[in-house]
**Student:** 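Structure provided below as structure tokens; questions to follow.
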Amino acid sequence: MSENEYSTIAVDRRDRVGVITLNRPEALNALNTELMGEVVAAAQAFDADPGIGAIVLTGSDRAFAAGADIKEMADKTFSDVVAEQFFGAWDALAGLRTPTVAAVNGYALGGGCELAMLCDLIIAGDTAVFGQPEINLGVIPGIGGSQRLTRAVGKAKAMDLILTGRQMKSDEADRLGLVSRVVPAENTVQTALEIAADIAGKSLIAAGLAKEAVNRAFESGLTEGVRVERNLFYSTFATDDQTEGMAAFVAKRRPDFQHR
Ligand code: CO8
């Protein structure tokens with residue numbers, strides 16, 4: 001699908017940064033099946049493009065995303081969601097090699113919060129509101145929220161948020177370590193673009209390996225994580241970017257990474 005054929009997202013590129021903007025304003029960017037397919041397709045296309053070094057995912061001023069589309073889900077049965085493996089395709093975002101930055105203004109609730117947590121960094125505007133309100137609908141998080149939120153903020157706060165379904169403002173999300181940075185809402189997307197451009201200027205190979213190593217810390221025990229990190233570190237010595245990066249440092253010049 002070409003970049004202007006999507007109907008629920010807008011896709012753009014700024015030099016080496018791919019930008020995906022959720023675009024269902026009438027539903028506060030609620031995540032339906034079509035939107036999921038488009039976001040995953042656009043993200044995978046950027047991931048396969050050697051000209052792209054980072055991806056920014058954002059929504060509108062009012063909502064990053066107000067959750068999974070409740071109207072689409074309301075009539076589904078147990079058999080439907082199991083047979084469809086409903087929303088399983090979102091997992092693909094966790095497997096991207098390219099670093100991803102969520103730029104969050106307004107509501108990031110339910111699946112919206114989970115989508116932000118699927119990204120590597122979360123830049124939150126000071127108007128951002130996070131939460132896992134699924135309990136109020138008689139369901140629970142289903143796109144990894146109970147796992148990623150708990151790892152990000154710890155059991156005590158995750159239980160508080162998931163069992164009460166309450167909303168959390170960006171200053172609390174910052175304090176708990178859920179987000180990378182909080183900025184004035186009017187600067188959220190620009191800040192995310194600048195961070196993404198900074199990352200995209202690094203060695204793409206090193207960035208991908210660094211991301212894999214940090215994710216291992218998030219997903220595994222210490223001994224396994226340290227072992228994986230060491231092997232990833234060793235593998236950077238098979239790249240031209242390692243030779244160039246270190247030679248540039250010694251020669252007191254900027255590195256010219258070729259991403260190989
Ligand atoms: N789904 C569908 N439509 C939505 C959603 C949603 N999640 N959120 C908002 N909308 C729609 C509203 O229905 C409304 O449409 P309409 O004008 O046609 O009635 C429009 O967006 C604007 O919304 P509001 O009028 O409600 O705006 P407010 O500013 O009054 O309120 C809120 C904003 C607080 C965000 C409110 O809309 C709200 O509470 N939304 C629902 C939030 C929520 O519960 N999210 C969790 C959904 S469940 C989920 O994400 C589970 C994920 C895991 C599933 C995976 C399965 C495997």
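Counting starts at 1 for both ligands and their atoms, following the listed order.
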**Student:** Could you check ligand 1 for N or O atoms lying under 3.5 Å from protein N or O atoms and list the pairs with distances?
**Tutor:**
{"unit_1": "ligand 1", "atom_1": "1 (N)", "unit_2": "A68", "atom_2": "O", "d": "3.4"}
{"unit_1": "ligand 1", "atom_1": "1 (N)", "unit_2": "I70", "atom_2": "N", "d": "2.9"}
{"unit_1": "ligand 1", "atom_1": "7 (N)", "unit_2": "A66", "atom_2": "O", "d": "3.0"}
{"unit_1": "ligand 1", "atom_1": "7 (N)", "unit_2": "A68", "atom_2": "O", "d": "2.9"}
{"unit_1": "ligand 1", "atom_1": "13 (O)", "unit_2": "K71", "atom_2": "NZ", "d": "3.0"}
{"unit_1": "ligand 1", "atom_1": "15 (O)", "unit_2": "K71", "atom_2": "NZ", "d": "3.4"}
{"unit_1": "ligand 1", "atom_1": "18 (O)", "unit_2": "K71", "atom_2": "NZ", "d": "3.4"}
{"unit_1": "ligand 1", "atom_1": "27 (O)", "unit_2": "R62", "atom_2": "NH2", "d": "3.2"}
{"unit_1": "ligand 1", "atom_1": "29 (O)", "unit_2": "R62", "atom_2": "NH2", "d": "2.8"}
{"unit_1": "ligand 1", "atom_1": "45 (N)", "unit_2": "A66", "atom_2": "O", "d": "3.0"}
{"unit_1": "ligand 1", "atom_1": "50 (O)", "unit_2": "A68", "atom_2": "N", "d": "2.8"}
{"unit_1": "ligand 1", "atom_1": "50 (O)", "unit_2": "G111", "atom_2": "N", "d": "2.8"}

**Student:** Do the side chains of D69 and R24 get close enough for a salt bridge, i.e. N-O under 4.0 angstrom?
**Tutor:**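 Salt bridge between D69 and R24, a charged N being under 4.0 Å from a carboxylate O: yes.
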**Student:** Show me the pairs that pass side chain to side chain donor-acceptor pair (under 3.5 Å) and involve residues 126-147, at least two apart or across chains.
**Tutor:**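 Those involving residues 126-147 are Q132-E134.
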**Student:** Quick test of your reading: applying side chain to side chain donor-acceptor pair (under 3.5 Å), list the pairs with at least one residue in residues 224-240, sequence neighbours left out, ordered by first then second residue.
**Tutor:** D240-R260
**Student:** Heavy atoms only: give me the nearest L22-F64 pair and the separation to one decimal.
**Tutor:**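 Closest pair (atom of L22, atom of F64, distance): CD1-O, 3.4 Å.
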**Student:** Test R254 against D256 for salt bridge (charged side-chain N to carboxylate O under 4.0 Å, His left out), laying out the working first.
**Tutor:** CA-CA 7 Å; R254 286 175 69 84; D256 178 17; over 6 Å; no
**Student:** By the side chain to side chain donor-acceptor pair (under 3.5 Å) test, which pairs, at least two apart or in different chains, include something from residues 92-113?
**Tutor:** D47-T98, T100-D120, N105-T188
